[in-house]
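First the proteins, then the strands, lettered A, B, ... as listed; each starts at 1. This one's a predicted model, so the numbers in the text were calculated from it and none came from an experiment.
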Amino acid sequence: MDWLDAHTLARIQFAFTVSFHIIFPAFSIGLASYLAVLNGLHLATGRAVYLDLFNYWKKIFALAFGMGVVSGLVMSYEFGTNWSVFADKTGPVLGPLMGYEVMSAFFLEAGFLGVMLFGRARVGPRLHCFATTMVALGTFMSAFWILSVNSWMHTPAGFSQNANGQFVVESWLEVIFNPSFPYRLVHTVLAAYLTTAFVVGGVAAFHLLKMRLQKVALATPERSASQLAVRTMFSMAMWMAACVAPLQILAGDQHGLNTVEHQPRKIAAIEGHYETQARAPLILFGIPNSKEERMDYVVEIPYLGSLILTHTLDGVIQGMKEWPPSERPPMGIVFYAFRVMVGIGMLMLGLGFWSLWLRHRGKLYENVWMLRAALWMGPSGFVAVLAGWVVTEVGRQPYTVYNLLRTADSASPIDAAAVAGSLIAFVVVYFALFGAGTVYILRLMRQAPDTGHAELSVNEPVRAGGIVPPSALTGAETLKGQP
Amino acid sequence: MTIDYALIWAGLIAFAVLAYIVLDGFDLGVGILFPWVKGQAHRDQMMNSVVPVWDGNETWLVLGGGGLFAVFPLAYSIIMPALYAPFIVMLLALVFRGVAFEFRFKSRNNQWFWDLAFAGGSIVAAFAQGVAMGALVQGIPVVGRAYSGGWWDWLSPFSLLTGLALVVGYALLGATWLMLKTEGHVAQQAVRAARVLGLALLGLIVVVSIWTPFLHEHFMRKWFAWPEMALVIPVPLLVLVCAVLFFKGLSQEKPLMAFLSVQGLFVLSYMGLLISFFPYIVPSAVTLWQAAAPDKSLKFLLVGAVVLLPMILAYTAYAYWVFRGKVGPTHHYHA
């Protein structure tokens, strides 16, 4: 197994740990904003339903956020343990950006999280709303800085290199607002919002379908309050989908044009073009054949490739053969991952528009097929985010800092055995712990929002400890026990 | 006069690490003491005493690591591979105890497992931190701009001793925190634990302090050569003062006094370490000026630190204020 050297193992480890990590922020960035909106709406309107929903999603946020924190802590040390040459060389440029992330985002989130989760009764609704907003702001600041770091690795700018081979900064503005950063920031934050919208929509759809089956919709005032909460949740999620999905496709298009300009090899892999051509078709599907340097079994639409990437019919798109094999990213992974991402994006757009139509006809909450589709699309955002992440990161290969520092030259001088050992440990621990966390989150989601306790629970302790009453997790029993 | 940004940053990173030790130290300590307190309600009480603040405490560790990457990238890229195993173990242990905060309260059936994860994670993380610190103190072989040793070099009698010392020290911090924040059975147990742990920690501080100067010649000069000695002599004297105050706090039932004097012991031990290290960041190999990023990077981040760190300290203090007071057996945070 010659190929399984320390450097390859370090790459597998990074891909694994970052993929696990990104799932949580992708969700918590959107959810923090959603919580801030709910809290603000409750403050502004005084309607109990918003506080009910806040309390419902708060518990799920606490779990997702906790897992994001600990998996992120690992990332902040992994640069040093596994990628020490990269750390030494890029530290003067990227380190301060991460330093700003810690100081302006992580502390803000952590400092106000306690107040947001447990402090409502102690600080009152206004300060509580403020704390929630600070947590949401923190998640956004975190995305801002870390995406600036990531974007700089794709489109480095504003630097020079010193005698030690370190990158040193010439202009901080050019470093931070490097050419791909604005596009990547918008595209990624919108992705986080969409991911959250579809999770919220999926959970709401699940409860709407369940209530429909139980036919208890309007049996009691409490039940109707619960139904109102679920409907509000569904309505908000579908508004979000209908508004953000088109924006996201626009943002993705612009990000793509930016990539054409700065990373044409990535585009060649995304498009599946080996040959440079004008009036390029859009390859919908095919199988990259890297040995013979061509696509097999191609399904394509003429002209559309040029139209999308150059916004003209006869624009030239560079093919992979323009570059020697040593400069090429792996084509297959990028090609397929891109199609997964865009496919999901289109489905999201479709569901958003469908929801508008049903809303117009007044059947948003009754159409079973809509609810089923929303349920199944619940986790789709995560898949799209991971696929998009794979497209951009694998498409950057074989470099860590594009065209300047090769991935193979970035790793630590560590024995393969050490990296293999830590990789196995991470895989086992992550699957076990985050698997358990996912189960707990799903259990919380299976509960319908608790209604009518919103302000009561503020004044009166009702549980044994932690964030969620243990009784909330025992399912049917609890439902019986409550009005 | 030119400003020595590297020195300022060495001070700020040192502060971040110290903040981590004094803050996360007590919540790790609560986890370390978990196995010695039986009963679900008592353990709930222990955990509840740190639930609202642990996340902020741990963020100082991210600042320590991230800050090192930013302002001393050479030190970061040498130290992390050298201490590979202890750091990976520490991170995994922190993952276990971090998720345990959330999962424990959500799982009454498998609670024993999350109790184990919380206690085990806390003990292992503390031990790994102590080992990493000891390994750094005893020195790391460097060739050119990279670590040149093997991946077991960190393991030595000295690093194992410092690992043990940190577990005992954090446990003592945790015990005095529980004296301060809880009442009833848990508080009584904490007093008993603090007495034993206090004696053990003082013994370990003495042994480590005597051992350390023999590791490097320049450590020895710092502590035992005149006139440098005159500058450092207050440190052991103040350790003695803190020790006296600690036992006074215990016997007079003044938990705040006990808690603060243990914090004092930590600050002083840490000061002693800094005195030994200076001006090296990797002992006998790399000075802080050699490791520093260019001034442009240091200045840029310093602007942020000057503005943001006071704000961070202010809202951290506010969060502690919001959750002030004791966590009694019937008093619980709830969502």
Side-chain angles (χ1 to χ4, degrees), chain A residues 55 58-59 62-63 66-67 69-70 73-74 76-77 79-81 84-85 87-88 91-92 95-96 98-100 102-104 106-107 110-115 117-119 122-123 164 168-169 172 412-415 418 422 425 429 433 436-437 440 457 461-468 470 473, chain B residues 44 47-48 51-53 55-56 58-59 61-63 65-67 69-71 73-74 76-77 79-81 84-85 87-88 91-92 94-96 98-99 101-108 145-147 151 293-294 296-297 300-301 304-305 308-309 312 315-316 319 322-323 331-335:
Chain A
N55 287 331
K58 172 177 82 172
K59 298 165 195 166
L63 270 171
M67 290 190 276
V69 167
V70 290
L73 177 68
V74 171
S76 75
Y77 279 83
F79 290 116
T81 51
S84 64
V85 178
D88 178 28
M98 290 198 209
Y100 268 97
V102 179
M103 292 190 295
S104 70
F106 293 164
F107 275 112
F112 285 100
L113 183 74
V115 178
L117 294 177
F118 317 107
R122 289 173 181 243
V123 301
N164 294 324
V168 294
V169 171
W172 281 107
S412 296
I414 299 270
D415 289 352
S422 61
V429 170
L433 293 188
Y440 292 135
S457 72
V462 289
R463 69 178 177 82
I467 293 164
V468 185
L473 291 156
Chain B
D44 283 352
M47 210 175 210
N48 273 327
V51 157
V53 293
D55 190 4
E58 201 167 289
T59 307
L61 184 64
V62 186
L63 184 62
F69 175 42
V71 296
L74 181 61
Y76 179 78
S77 67
I79 293 170
M80 296 300 154
Y84 193 82
F87 268 110
I88 298 287
L91 293 171
L92 286 168
L94 289 176
V95 171
F96 267 98
V99 299
F101 276 108
E102 287 300 321
F103 295 177
R104 185 175 175 277
F105 290 119
K106 295 187 169 51
S107 158
R108 286 294 167 189
R145 294 179 72 78
Y147 171 60
W151 62 288
K296 202 152 185 174
S297 301
F300 174 68
L301 194 56
L308 294 169
L309 279 179
I312 290 167
Y315 61 66
T316 303
V322 167
F323 295 101
H331 177 101
H332 306 292
Y333 298 120
H334 54 88

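- Here the side chains of B/Tyr76 and A/Asp88 are not in contact, with every heavy-atom distance at 4.5 Å or above.
- Counting heavy-atom pairs under 4.5 Å between each of A/Leu113, A/Thr81, A/Val429 and chain B puts A/Thr81 at the top.
- A 4.5 Å side-chain heavy-atom check between B/Glu58 and A/Phe106 finds every atom pair outside the cut-off.
- Pairing each heavy atom of A/Leu433 with each of B/Phe103, the nearest pair is O-CE1, 3.3 Å.
- Side-chain atoms of A/Phe107 and B/Leu308, non-hydrogen and from C-beta on, never get closer than 4.5 Å to each other.
- Side-chain contact between B/Lys296 and A/Val168: absent, with no pair of heavy atoms (C-beta onward) separated by less than 4.5 Å.
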Checklist entry - B/Val62 and A/Leu73: side chain to side chain contact (heavy atoms under 4.5 Å, CB included), yes or no, with the steps? => result CA-CA 6 Å; B/Val62 186; A/Leu73 177 68; 3.4 Å; yes
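- With chain B as the partner, the residue from A/Ala110, A/Gly114, A/Gly80 showing the most heavy-atom pairs under 4.5 Å is A/Gly80.
- Counting only heavy atoms from C-beta outward, the side chains of A/Phe118 and B/Val322 never approach each other to under 4.5 Å.
- Looking only at atom types and distance, the side chain of B/Tyr84 has a donor-acceptor partner in the side chain of A/Ser422 under 3.5 Å away.
- With a threshold of 4.5 angstrom between heavy atoms, B/Leu74 approaches chain A through its backbone and through its side chain.
- Contact between A/Met103 and B/Tyr315 at its shortest, heavy atoms only, is O-OH, 4.3 Å.
- Of the atoms belonging to B/Leu309, it is side-chain heavy atoms, and not backbone ones, that fall under 4.5 Å from chain A.
- Interface remark: B/Ala305 contributes backbone and side-chain atoms alike to the contact with chain A (heavy atom separation under 4.5 Å).
- For the set B/Gly98, B/Gly56, B/Pro81, the entry with the most heavy-atom pairs within less than 4.5 Å of chain A is B/Pro81.
- The two residues A/Pro92 and B/Pro294 have their closest heavy-atom pair at CB-CD, 3.6 Å.
- Relative ring orientation between A/Phe79 and B/Phe69 is described as parallel, the plane-to-plane angle staying below 30° on a 0-90° scale split at 30° and 60°.
- Using a 4.5 Å cut-off between heavy atoms, B/Leu94 touches chain A through backbone and side chain atoms alike.
- If you tally non-hydrogen atom pairs under 4.5 Å between each of A/Ala418, A/Gly99, A/Gly66 and chain B, the highest count goes to A/Ala418.
- Ring planes of B/Phe300 and A/Tyr100: tilted class, angle from 30 to 60°.
- At least one side-chain heavy atom of A/Val102 sits under 4.5 Å from a side-chain heavy atom of B/Thr59.
- Between A/Tyr77 and B/Leu91 the shortest heavy-atom distance is CB-CD1, 3.7 Å.
- Ranked by heavy-atom pairs under 4.5 Å with chain B, the list A/Val115, A/Val70, A/Val123 is led by A/Val70.
- Of the listed residues (A/Gly95, A/Gly437, A/Ser412), the greatest number of heavy-atom pairs within a distance under 4.5 Å of chain B belongs to A/Gly95.
- Looking at B/Val53, there are no atoms closer than 4.5 Å to chain A (heavy atoms on both sides), in backbone or side chain.
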